There are 2 protein chains.
Amino acid sequence: MSAAARTPEVIRHPSQDRILDVAEALFASRGFSGVGLAEVAEKSDLSKSSLFHHFKSKTEIYASVLERLFKRLWETLEPTVDMSADPWTQLNQIVDVWTGFMADNPNTAKLLLRSMVERDFEDAGLSREELLNRHGRYLRLIIQKVVTLMKAGMDAGTFRQQSIGHFVQTLIGATIFHFASGEFGSGMIGGDQFDPRRVEARKTELKNFLRSGLGSAAGDSR
Amino acid sequence: MSAAARTPEVIRHPSQDRILDVAEALFASRGFSGVGLAEVAEKSDLSKSSLFHHFKSKTEIYASVLERLFKRLWETLEPTVDMSADPWTQLNQIVDVWTGFMADNPNTAKLLLRSMVERDFEDAGLSREELLNRHGRYLRLIIQKVVTLMKAGMDAGTFRQQSIGHFVQTLIGATIFHFASGEFGSGMIGGDQFDPRRVEARKTELKNFLRSGLGSAAGDSR
DNA sequence: GTCTATAGCTAGATAGAC
DNA sequence: GTCTATCTAGCTATAGAC
C-alpha cells in the first residue's frame with residue numbers, strides 16, 4: 001500500500017475532459033438516446049473516431065460524465081458540513097451547499113433526475129448495477145449523511161418523528177426539480193432559476209419551508 | 001353553436017388507444033428518442049406502417065400520449081376539490097387526489113418530469129410551443145387552482161407568507177419525484193412505491209410535512 | 001385499416017493510414 | 001492521438017397492393 005492511495009486522482013487527457021464537458025451538457029438536455037456522437041465530436045473539435053480512442057463506447061462516455069459530476073458534488077459537500085453543529089445548522093448547510101452546487105453546475109439537476117428515471121443505458125450493454133456503482137457510490141455517501149443527521153435530530157427531539165426515507169424523497173424532489181425544470185420553472189418564479197438573486201431566494205424559501213412547513217403560527221389549529 | 005359543445009369527446013379507433021397505451025409506457029421509461037416505432041408496433045400487434053395510418057408522425061404519437069394523460073389528470077382532479085372548504089382541507093384534497101393519480105397511473109410522474117426536462121421533440125419538427133399547448137393547457141389549469149388556493153390561504157392568515165412560485169416548485173418536485181424515482185425510491189422507503197399501503201403512507205407523510213415542516217413543536221426554537 | 005417492401009438517412013463502431 | 005473511409009444495423013416515413 002503506497003502512501004497517497006486515497007481518492008486516486010484520475011489523470012485525463014485534455015481531449016478527454018473536453019469530450020466530457022461537451023457530452024455533459026448534451027446528455028443533460030437531450031438524454032442518452034437523444035444525443036449523437038457526431039454532435040459530440042463536432043463540438044469537441046474532434047472526429048467521431050477520436051472519441052472511440054478515449055472511450056470504448058457511448059455508454060462509457062455517459063458513465064464517465066456521471067461519475068465525474070457526482071464525484072465533484074460529493075467533494076464539494078463533504079467538507080462543508082460541520083458534523084459537530086446542531087441538527088438545524090447542519091441541515092441548513094446541506095441545503096445551502098447542495099443548492100449552490102446545482103446553481104453553479106446547471107447540468108447536475110437534469111442529469112441526476114435522468115440517472116434515476118431513465119433506463120436507456122440498459123439497452124446499451126452496461127447494466128444498471130455497473131452504472132450505479134460508478135456514480136451511485138457518491139450519491140449513497142451524500143444520502144448516508146442526511147440519514148445520519150435525521151436520526152440524530154429525531155433522537156434529540158429537534159426533528160419531528162417521521163419516515164426518514166420519505167423525507168429524503170421529498171427533499172431530493174424539492175431541491176432537484178426546481179433546477180431541472182427549465183422554462184417551466186422560470187415561468188413559475190418570474191425569471192431564470194440560475195440568476196444569483198433567485199438562487200439565494202430559493203435557499204431561503206427551502207430552509208423556511210423545512211422549518212415551518214406551509215402554515216403560519218396563527219393558523220396552526222388541526 | 002350546438003348543444004353539447006363542452007369537453008368535446010375525442011372518438012378514437014380501438015387501435016389508436018392500443019398504440020397510445022403501448023407508447024405511453026415506453027416513452028415513460030425510455031424517453032422520446034429512446035423508443036423505436038418497431039417496438040411500439042410489435043407490442044400493439046400492428047405493423048409499423050399502420051402506426052402511420054393513425055398518426056402522422058412519431059412526434060404526433062408522443063404529443064397524443066401526453067395530451068390524453070394530462071386531460072385525465074385534470075378531469076380527475078377538477079371535480080374532487082371542494083372550493084368552498086377551508087384552505088387546509090382543499091390542500092389535503094389536492095395532495096390526496098394528485099398522489100392517488102400518480103399511483104394509479106404509474107407512467108404519469110415520469111412523463112410529466114420528462115415533458116419539462118427534455119427537449120427531444122424540438123429536433124423532431126414539433127415546436128415546444130405547439131407541444132405545450134396540447135398537454136400544457138391542462139397542467140396550467142391545475143397550477144392555477146393551487147395558486148388561487150395559496151393566495152386565499154395567505155390572505156386569510158392560514159398559510160405563512162411566502163413565494164407562491166417557489167412553493168409550487170417545491171410541491172411538484174416533492175410529489176412527482178417520489179413516483180418517478182423507480183428503484184432508487186423503492187430502495188429509500190423499503191419497497192415498491194406503488195404498493196397501496198405505501199401510497200397511503202406517502203400521502204400522510206406529505207400532508208404532515210406541508211403542515212409542520214421538519215421540526216417538532218418541542219425543538220422549534222430559532 | 002392493415003399489410004409487405006423499401007426508400008433514404010443516421011446511428012454507433014471499426015480498419016487502417018499517418 | 002487524430003484522421004478518412006466504411007461497415008452494419010437501426011431509424012422514420014412512404015408506396016402501393018389487398
Side-chain angles (χ1 to χ4, degrees), chain A residues 10-66 114 118-127 130-131, chain B residues 10-66 114 118-127 130-131:
Chain A
V10 181
I11 307 296
R12 264 191 295 263
H13 189 275
S15 290
Q16 280 181 312
D17 268 317
R18 225 164 62 237
I19 293 166
L20 291 182
D21 288 342
V22 169
E24 181 181 298
L26 289 174
F27 283 138
S29 63
R30 294 212 290 273
F32 181 79
S33 322
V35 175
L37 294 185
E39 192 180 357
V40 176
E42 193 196 358
K43 292 191 172 157
S44 308
D45 290 312
L46 287 171
S47 70
K48 263 200 294 181
S49 314
S50 294
L51 303 186
F52 287 95
H53 174 78
H54 294 288
F55 303 94
K56 79 171 202 290
S57 69
K58 181 185 180 182
T59 311
E60 179 65 23
I61 297 179
Y62 189 62
S64 301
V65 163
L66 290 181
R114 286 187 188 284
E118 302 213 352
R119 315 211 136 197
D120 282 357
F121 38 81
E122 289 182 2
D123 311 320
L126 191 63
S127 79
E130 287 177 84
L131 191 64
Chain B
V10 182
I11 308 294
R12 264 191 295 262
H13 190 275
S15 290
Q16 280 182 311
D17 267 318
R18 226 165 61 236
I19 293 167
L20 292 181
D21 288 341
V22 169
E24 181 181 299
L26 289 174
F27 283 139
S29 63
R30 295 212 287 272
F32 181 78
S33 322
V35 175
L37 294 185
E39 192 180 358
V40 176
E42 192 196 359
K43 291 190 171 157
S44 307
D45 290 313
L46 287 171
S47 71
K48 266 196 293 180
S49 314
S50 294
L51 303 186
F52 287 95
H53 174 78
H54 294 286
F55 302 93
K56 77 172 204 290
S57 67
K58 180 186 180 181
T59 311
E60 180 65 22
I61 297 179
Y62 188 62
S64 301
V65 163
L66 290 181
R114 286 187 188 284
E118 302 213 355
R119 315 211 137 197
D120 281 358
F121 38 80
E122 289 181 3
D123 312 322
L126 192 62
S127 78
E130 288 177 83
L131 192 64

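Order of the sequence lines sets the chain letters (A, B, ...), proteins ahead of strands, with each chain counted from 1. Because the structure is a prediction, the values reported are computed rather than measured.
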In whole Å, what is the span from the [atom1] atom of [X] to the [atom2] atom of [N]?
X: A:Arg18; N: D:dG1; atom1: CZ; atom2: P; answer: 12 Å
X: B:Ile11; N: C:dG1; atom1: CD1; atom2: C1'; answer: 18 Å
X: B:Glu60; N: D:dA13; atom1: CD; atom2: P; answer: 11 Å
X: A:Leu51; N: C:dA11; atom1: CG; atom2: P; answer: 13 Å
X: B:Glu42; N: C:dT4; atom1: CD; atom2: P; answer: 13 Å
X: A:Leu37; N: D:dG10; atom1: CG; atom2: C1'; answer: 14 Å
X: A:Ile61; N: C:dA11; atom1: CD1; atom2: P; answer: 14 Å
X: B:Arg30; N: D:dG10; atom1: CZ; atom2: P; answer: 14 Å

Give me the ring orientation class for B:Phe27 and B:Phe32: parallel if the planes are under 30° apart, tilted from 30 to 60°, perpendicular past 60°. parallel
Can you identify which nucleotide, out of D:dG1, D:dT12, C:dA13, has its nearest atom closest to the A:Lys58 side chain? C:dA13
Dump the pairs, protein N or O against N or O of nucleotides 14-18 of chain D, anything under 3.5 Å, distances to one decimal.
{"residue": "D:dT14", "atom": "O4", "partner": "B:Ser49", "partner atom": "OG", "Å": "3.1"}

Between the two ends of the helix from C:dG1-D:dC18 to C:dC18-D:dG1, what is the bend in degrees, rounded to 10 degrees, where each end axis spans five pairs? 0°
Does [X] have a side-chain nitrogen or oxygen under 4.0 Å from the phosphate oxygens OP1 or OP2 of [N]?
X: B:Ser47; N: C:dC3; answer: yes
X: A:His53; N: C:dT14; answer: no
X: A:Ser15; N: D:dT2; answer: yes

Begin from the C-alpha positions of B:Leu46 and B:Arg18 and carry the test side-chain contact (heavy atoms from CB on, under 4.5 Å) through to its verdict. CA-CA 10 Å; B:Leu46 287 171; B:Arg18 226 165 61 236; 3.8 Å; yes
Can you tell me how far apart [atom1] ([X]) and [atom2] ([Y]) are? Round to the nearest 0.5 Å.
X: B:Ile19; Y: B:Leu51; atom1: CD1; atom2: CG; result: 5.0 Å
X: B:Ser44; Y: B:Leu20; atom1: OG; atom2: CG; result: 9.0 Å
X: B:His54; Y: B:Asp17; atom1: NE2; atom2: CG; result: 10.5 Å
X: A:Ile61; Y: A:Glu24; atom1: CD1; atom2: CD; result: 13.0 Å
X: B:Gln16; Y: B:His53; atom1: CD; atom2: NE2; result: 8.0 Å

Answer whether the closest heavy-atom distance between the side chains of B:Val40 and B:Lys58 falls below 4.5 Å. no
Are B:Arg30 and A:Ser33 packed together at the side-chain level, in the sense that at least one heavy-atom pair is separated by less than 4.5 angstrom? no
Chi angles and distances behind the side-chain contact (heavy atoms from CB on, under 4.5 Å) call for B:Phe52, B:Leu37: CA-CA 10 Å; B:Phe52 287 95; B:Leu37 294 185; 3.6 Å; yes
Above 12 or not: heavy atoms from other molecules or residues under 6.0 Å from CD of A:Glu39? yes
Just checking B:Val40: base, sugar-phosphate only, or nothing, at a heavy-atom cut-off of under 4.0 Å? nothing
Which pair of heavy atoms, one from A:Ser47 and one from A:Ala41, lies closest together, and at what distance? C-CB, 3.7 Å
I need the residues from residues 19-28 of chain B with at least one non-hydrogen atom less than 4.0 Å from DNA chain D; give them sorted by number, or say none. none
